[in-house]
Visitor: 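Structure below; questions to follow.
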Amino acid sequence: MSAQSQLRIVNKTSILIGAAFMTLGSALAYFFLATTDIHCNRTTDRCVVSTQRIIGPRNPITLHLSEISRVDVVRSRSRSDSGGYLYQSVLRTGSDDVPLAPYGSSGRQQHDQLAADINQFLADSSRETLTREFTARWSFIMLFFPVAGVLIVFGSRSVVELSVNTDQSVLHLLRRRWWQTSGQEVSIALSQIDRIDVESRGMGQINTERRRSRSRGRNPTYRAVIVRKSGEHVPLFNAETSGQGAFRRADQLREFLQHYLEK
């Protein structure tokens with residue numbers, strides 16, 4: 001029966017990044033991804049404006065149609081560093097102004113079209129009903145963040161399991177997702193391993209003794225690799241990370257294999 005020695009390494013960085021994307025993305029989607037429905041009926045003299053977010057109840061506002069004078073598109077200065085303007089459609093009444101979206105958006109065309117449709121209805125007494133729906137097109141971008149987070153957390157191979165078959169003198173490397181039992185398998189004869197090192201894509205081979213140095217102009221990313229005697233690099237994780245994570249993994253793997261490679 002063959003003898004086995006095992007090492008398990010988890011890339012917690014990818015899981016944390018994915019979780020952060022999911023949390024931040026869900027919050028952004030909640031606040032910015034909303035649909036406003038406008039229903040007006042001249043017979044009942046009512047206009048109902050309701051906003052529906054991804055999570056939560058609708059918040060309907062009922063107005064007397066006869067109280068609505070017009071719809072204006074209000075422009076305000078953006079607070080972002082890039083500057084520019086935000087636009088928002090607003091119902092003008094005799095007492096209060098009612099925004100037709102919970103936030104302003106940079107695209108004015110949609111707001112102009114919404115205002116024109118409602119103003120046309122208000123001016124045309126022969127029309128009995130009006131139904132409009134408004135969702136800012138750019139707000140769907142907010143779905144990118146939670147979707148990306150889910151893909152990172154559940155799609156990235158963030159666990160590496162290494163085992164040495166001492167009878168066959170072979171290193172088995174398994175990259176898998178944390179919720180899987182199988183994944184990508186690589187087998188390397190111990191006699192083919194030259195060294196354990198750290199590389200940075202686009203910058204060539206990195207000397208592990210430079211781990212505490214800082215590069216100028218940009219922050220490089222690294223990954224731990226098994227270097228075959230043929231020159232081929234077999235990465236521990238396919239993804240690269242910044243900071244000291246790759247160097248720590250290389251140290252773990254070097255310590256794990258030290259006994260076998262010295263034979």
Side-chain angles (χ1 to χ4, degrees), residues 16-155:
L16 292 175
I17 291 175
F21 266 72
M22 291 172 61
T23 303
L24 175 63
S26 299
L28 290 173
Y30 172 77
F31 284 108
F32 292 104
L33 187 57
T35 299
T36 299
D37 293 312
I38 302 105
H39 299 281
C40 297
N41 189 306
R42 203 175 297 276
T43 302
T44 60
D45 191 36
R46 291 287 188 274
C47 264
V48 179
V49 179
S50 59
T51 299
Q52 177 68 62
R53 300 184 186 274
I54 292 181
I55 302 174
R58 285 185 178 272
N59 299 310
I61 299 174
T62 302
L63 305 168
H64 290 288
L65 182 59
S66 56
E67 293 179 347
I68 301 173
S69 59
R70 66 187 185 280
V71 177
D72 290 333
V73 177
V74 177
R75 186 180 75 171
S76 60
R77 177 71 70 175
S78 174
R79 296 181 180 178
S80 65
D81 294 337
S82 59
Y85 293 96
L86 297 177
Y87 302 93
Q88 193 172 30
S89 308
V90 177
L91 278 173
R92 303 293 192 186
T93 68
S95 55
D96 298 320
D97 294 335
V98 179
L100 295 180
Y103 48 81
S105 57
S106 58
R108 178 165 184 164
Q109 183 178 1
Q110 274 188 291
H111 292 281
D112 283 339
Q113 186 60 56
L114 179 63
D117 290 346
I118 298 177
N119 286 332
Q120 185 179 13
F121 169 76
L122 295 173
D124 186 357
S125 59
S126 64
R127 292 181 59 183
E128 290 295 323
T129 61
L130 169 73
T131 299
R132 277 298 311 267
E133 181 181 275
F134 178 84
T135 304
R137 295 189 185 99
W138 70 269
S139 63
F140 288 103
I141 297 174
M142 297 302 165
L143 292 176
F144 164 80
F145 296 99
V147 171
V150 170
L151 292 177
I152 293 172
V153 171
F154 293 95

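The first residue of the sequence shown is numbered 1, and numbering continues consecutively from there. The structure presented is a predicted model; accordingly, all values stated were derived computationally and were not measured.
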Visitor: OG1/Thr44 to NE2/His64 distance, rounded to the nearest 0.5 angstrom?
Guide: 10.0 Å
Visitor: Looking at Leu122 and Ser69, what are the two nearest heavy atoms and their distance?
Guide: CD1-O, 4.0 Å
Visitor: Could you work out, with ring pair (Phe, Tyr, Trp, His ring centres under 6.0 Å) as the rule, every residue matching Phe121, not counting sequence neighbours?
Guide: none
Visitor: Okay, side chain of Arg42, backbone of Arg127: is any donor-acceptor separation there less than 3.5 Å?
Guide: yes
Visitor: Distance-only, no hydrogens or angles: does the Asp45 side chain make a donor-acceptor pair with backbone N or O of Ser66 under 3.5 Å?
Guide: yes
Visitor: Any donor and acceptor pair, going by atom type alone, linking the side chain of Asn41 with main-chain N or O of Thr129 inside 3.5 Å?
Guide: no
Visitor: Mind listing the closest non-hydrogen atom pair of Met22 and Val150 along with its distance?
Guide: CG-N, 3.5 Å
Visitor: State which residues pass side-chain contact (heavy atoms from CB on, under 4.5 Å) with Ala148; sequence neighbours excluded, sorted by chain then number.
Guide: Phe21, Phe144
Visitor: Kindly give the heavy-atom pair with the smallest separation between Asp124 and Ser126, and that separation in Å.
Guide: OD1-OG, 2.5 Å
Visitor: Minimum heavy-atom separation for Ala101 to Gln88, with atom names?
Guide: O-NE2, 2.6 Å
Visitor: Check the pair Phe134 / Leu100 against side-chain contact (heavy atoms from CB on, under 4.5 Å), numbers first and verdict last.
Guide: CA-CA 8 Å; Phe134 178 84; Leu100 295 180; 6.0 Å; no
Visitor: Would Val71 and Leu114 count as a side-chain contact (heavy atoms from CB on, under 4.5 Å) here? Give the steps.
Guide: CA-CA 9 Å; Val71 177; Leu114 179 63; 5.8 Å; no
Visitor: Answer yes or no: is there a donor N or O on one side and an acceptor on the other, between the side chain of Thr93 and the main chain of Glu67, under 3.5 Å?
Guide: no
Visitor: What residue pairs, at least two apart or across chains, pass salt bridge (Lys or Arg N to Asp or Glu O under 4.0 Å) with a residue in residues 17-33?
Guide: none
Visitor: Report the distance from atom OH of Tyr85 to atom OG of Ser106, rounding to the nearest 0.5 Å.
Guide: 14.0 Å
Visitor: Determine the minimum heavy-atom distance between Arg77 and Gly84, stating which atoms define it.
Guide: CD-O, 3.3 Å
Visitor: State, to 0.1 Å, how close Pro146 and Gly25 come at their nearest heavy-atom pair, and which atoms those are.
Guide: CD-CA, 3.4 Å
Visitor: Atom CG of Asp72 and atom CD1 of Ile118: how far apart are they, to the nearest 0.5 Å?
Guide: 11.0 Å
Visitor: Does the His111 side chain pair with the main chain of Ser89, one donor and one acceptor, at a distance under 3.5 Å?
Guide: yes
Visitor: Rounded to the nearest 0.5 Å, how far does OG of Ser76 lie from CG of Leu86?
Guide: 5.0 Å
